[in-house]
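Values below: every heavy atom of this structure, side chains too, minus hydrogens, waters and symmetry copies. Remember, it's 1-based here, ligands and their atoms both numbered in the order they're listed.
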Amino acid sequence: MLVVGLTGGIATGKSTVSTLLKAHGVPVVDADVLAREVVQPGTPALAQITAHFGAGVLQPDGALDRAALGAVVFADADQRHVLNGIVHPAVRRAMFWAVLRHWWRGARVCVLDVPLLIEGGLWKFVAKVVVVYCSPEIQLQRLMKRDGSTREEASARLNSQLPIAEKVQYADIIIDNSGTLQDLEVQVKTLVTKLNKEAGWWWRVSWLVPPIGLVSAAWTLGWRVLRRSPKAASRKRAGRT
Ligand SMILES: CC(C)(COP(=O)(O)OP(=O)(O)OC[C@H]1O[C@@H](n2cnc3c(N)ncnc32)[C@H](O)[C@@H]1O)[C@@H](O)C(=O)NCCC(=O)NCCS
Ligand SMILES: Nc1ncnc2c1ncn2[C@@H]1O[C@H](COP(=O)(O)OP(=O)(O)OP(=O)(O)O)[C@@H](O)[C@H]1O
């Protein structure tokens, strides 16, 4: 299975690309979705968040008040570092099992949609890095429009990640999302064809790995059983005496 890392800056269009990829039948593991799941009420991560940031980041029903916590961590790098230390290990564990499930179902390609793919070092562990790009100004405009945030709030979020100009330096493939959604659809269709083609040979070979592993394990076990069987032992003793 070809594991591909998808990243970009905030509001460059990662989620839009992920939606298009899924529409083409490509499984996507979305780190943002997992980051929401691991802080649901009753989770260890939410307990740690509450212990550190206080009950002020909780809604009356006990769920995380994302806007309240976001206001704290996007204004303070140290506090964001603490939050990342709580949430990211849980997200990585969940991501591992999600990828394993897709591999077990025989997926040829699996895309990891991870906003902090570069910052968190995960880019070293994927076969391909795809960066969704648009200019910082377009990024800012789209974020303000989508979230209804002020320019200051949107800038604070943008500044919490590597500049998009730096992220593209890690890219094997760049999706330029400066144009229309129709332009984006064409680029994603081309990307899907490219990834499926590249995964083709590897997907066939990778399926040999489990049978080879099983055969070698069975051979080893069988040999051990044969060697210790009474018949084999008596033959061995006869040969020795
Ligand atoms: C602070 C939180 C509660 C704000 O939630 P909110 O719903 O307002 O934003 P959301 O989670 O949708 O994130 C929107 C975008 O902000 C960016 N972002 C989120 N967290 C971070 C972070 N710690 N550092 C840099 N960028 C971040 C990502 O690009 C993300 O796609 C939330 O972002 C969070 O829990 N962040 C910590 C976990 C994390 O790092 N998530 C990123 C993916 S692993
Ligand atoms: N080509 C485009 N033209 C116009 N609007 C777009 C385009 N691509 C994405 N958008 C819009 O820009 C906003 C940000 O896109 P999206 O949510 O996919 O970005 P993202 O990188 O996933 O953001 P985040 O990092 O916050 O998860 C959304 O409202 C989306 O509908």
Side-chain angles (χ1 to χ4, degrees), residues 5-23 28-40 43 45-46 48-50 52-53 56-59 63-96 98 111-123 130-149 153-164 166-167 175-188:
L6 172 69
T7 192
I10 294 184
T12 53
K14 296 181 303 299
S15 305
T16 307
V17 168
S18 291
T19 302
L20 292 169
L21 286 170
K22 283 182 272 193
V28 177
V29 178
D30 187 331
D32 274 341
V33 170
L34 296 177
R36 289 170 182 266
E37 288 172 2
V38 300
V39 296
Q40 286 303 308
T43 56
L46 184 60
Q48 289 175 279
I49 289 170
T50 310
H52 179 81
F53 293 95
V57 297
L58 297 180
Q59 294 178 8
L64 179 65
D65 183 339
R66 303 181 68 82
L69 184 55
V72 173
V73 299
F74 289 116
D76 182 330
D78 293 336
Q79 293 289 21
R80 188 165 64 247
H81 185 69
V82 170
L83 178 63
N84 290 349
I86 295 170
V87 178
H88 289 182
V91 170
R92 281 195 288 267
R93 280 194 297 274
M95 198 180 290
F96 170 78
V111 172
L112 308 184
D113 177 350
V114 186
L116 304 180
L117 187 84
I118 310 297
E119 295 89 332
L122 193 58
W123 66 276
V130 177
V131 175
V132 183
Y133 169 85
C134 70
S135 70
E137 187 50 36
I138 293 178
Q139 225 182 323
L140 207 57
Q141 294 304 328
R142 287 177 182 166
L143 184 56
M144 290 164 67
K145 182 181 175 188
R146 184 193 70 185
D147 294 357
S149 52
E153 287 165 341
S155 298
R157 285 206 173 207
L158 294 197
N159 297 333
S160 67
Q161 290 187 10
L162 274 179
I164 190 64
E166 273 190 52
K167 291 195 178 186
I175 299 279
D176 184 346
N177 189 26
S178 307
T180 65
L181 285 170
Q182 290 68 31
D183 297 337
L184 187 62
E185 282 172 14
V186 171
Q187 290 185 74
V188 171

Measuring from atom CG of L21 to atom CG of D30, what distance do you get when rounded to the nearest 0.5 angstrom?
11.5 Å
shortest atom 11 (O) of ligand 1-to-protein heavy-atom contact is with R66 NH2, 2.8 Å
For ligand 1, note which part of V114 has a heavy atom under 4.0 Å away: side chain, backbone, both or neither.
neither
Nearest 0.5 Å please: distance from the CZ atom of R92 over to the CG atom of L34.
12.5 Å
With K167 via salt bridge (charged side-chain N to carboxylate O under 4.0 Å, His left out) - residues at least two apart
E119
Can you tell me the protein heavy atom closest to atom 36 (N) of ligand 1 and the distance?
L83 CD2, 3.9 Å
Report the distance from atom CG of L140 to atom OG of S135, rounding to the nearest 0.5 Å.
9.5 Å
At under 4.0 Å between heavy atoms, is it the side chain or the backbone of R157 that contacts ligand 1, or both, or neither?
side chain
Just do the side chain to side chain contact (heavy atoms under 4.5 Å, CB included) check on D32 and D113 with the steps written out, would you?
CA-CA 8 Å; D32 274 341; D113 177 350; 5.6 Å; no
Does any N/O atom on R36 come nearer than 3.5 Å to any N/O atom on ligand 1?
yes
So, the side chain of D76 versus the backbone of V72: is there a donor-acceptor pair under 3.5 Å, distance only?
no
What atoms in ligand 1 come closer than 4.0 Å to a heavy atom of P115?
28 (C), 29 (O), 31 (O), 43 (C)
Numbered in order shown, the ligand 1 atoms found under 4.0 Å of a heavy atom of I10 are 16 (O), 17 (C), 29 (O)
Could you list the atoms of ligand 1 found under 4.0 angstrom from a heavy atom of V73?
1 (C)
CZ/R157 to OG/S149 distance, rounded to the nearest 0.5 angstrom?
7.5 Å
As a check for students: among H88, Q79, R146, identify the option with a heavy atom nearest to atom 40 (O) of ligand 1.
H88
Going by the order shown, which atoms of ligand 1 are within less than 4.0 Å of some heavy atom of V87?
38 (C)
What I want to know is whether N84 and ligand 1 share at least one N or O pair that is separated by under 3.5 angstrom.
yes
S160 side chain to F74 backbone, donor-acceptor under 3.5 Å:
no
If you count every heavy atom of other residues, nucleotides or ligands that lies below 6.0 Å from K22 atom NZ, does the total exceed 12?
yes
At their closest point, which heavy atom of A11 faces which heavy atom of L143, and how far apart are they?
CB-CB, 3.7 Å
Could you tell me the residue and atom name of the protein heavy atom closest to atom 44 (S) of ligand 1, and the distance to it rounded to 0.1 Å?
A31 CB, 3.9 Å
Atom 43 (C) of ligand 1 has as its nearest protein heavy atom D32 OD1, 3.3 Å
Have a look at R92, Q161, K14 and point out the one with the heavy atom closest to atom 17 (C) of ligand 1.
Q161
At what distance, to the nearest 0.5 angstrom, does CH2 of W123 lie from CD1 of I118?
7.0 Å
Side chain proximity check, T43 to V38, heavy atoms < 4.5 angstrom:
no
Here the atoms of ligand 1 under 4.0 Å from any heavy atom belonging to L116 are 22 (C), 24 (N), 25 (C), 26 (N), 40 (O)
Between the CD atom in Q139 and the CD atom in E137, the distance rounded to the nearest 0.5 Å is 10.0 Å
Of all the heavy atoms in A67, does at least one lie under 4.0 Å from an atom in ligand 1?
no
Atom-level proximity to ligand 2, residues with heavy atom under 4.0 Å:
G9, I10, A11, T12, G13, K14, S15, T16, D32, R142, R146, N177, G179, T180, L181
If you scan protein heavy atoms around atom 18 (N) of ligand 1, the nearest is F74 CZ, 3.8 Å
Donor-acceptor contact below 3.5 Å, side chain N177 vs main chain C134:
no
Least distance between heavy atoms, L116 atom then T7 atom
N-OG1, 4.4 Å
Just which atoms of ligand 1 are under 4.0 Å from any heavy atom in S160?
25 (C), 26 (N)
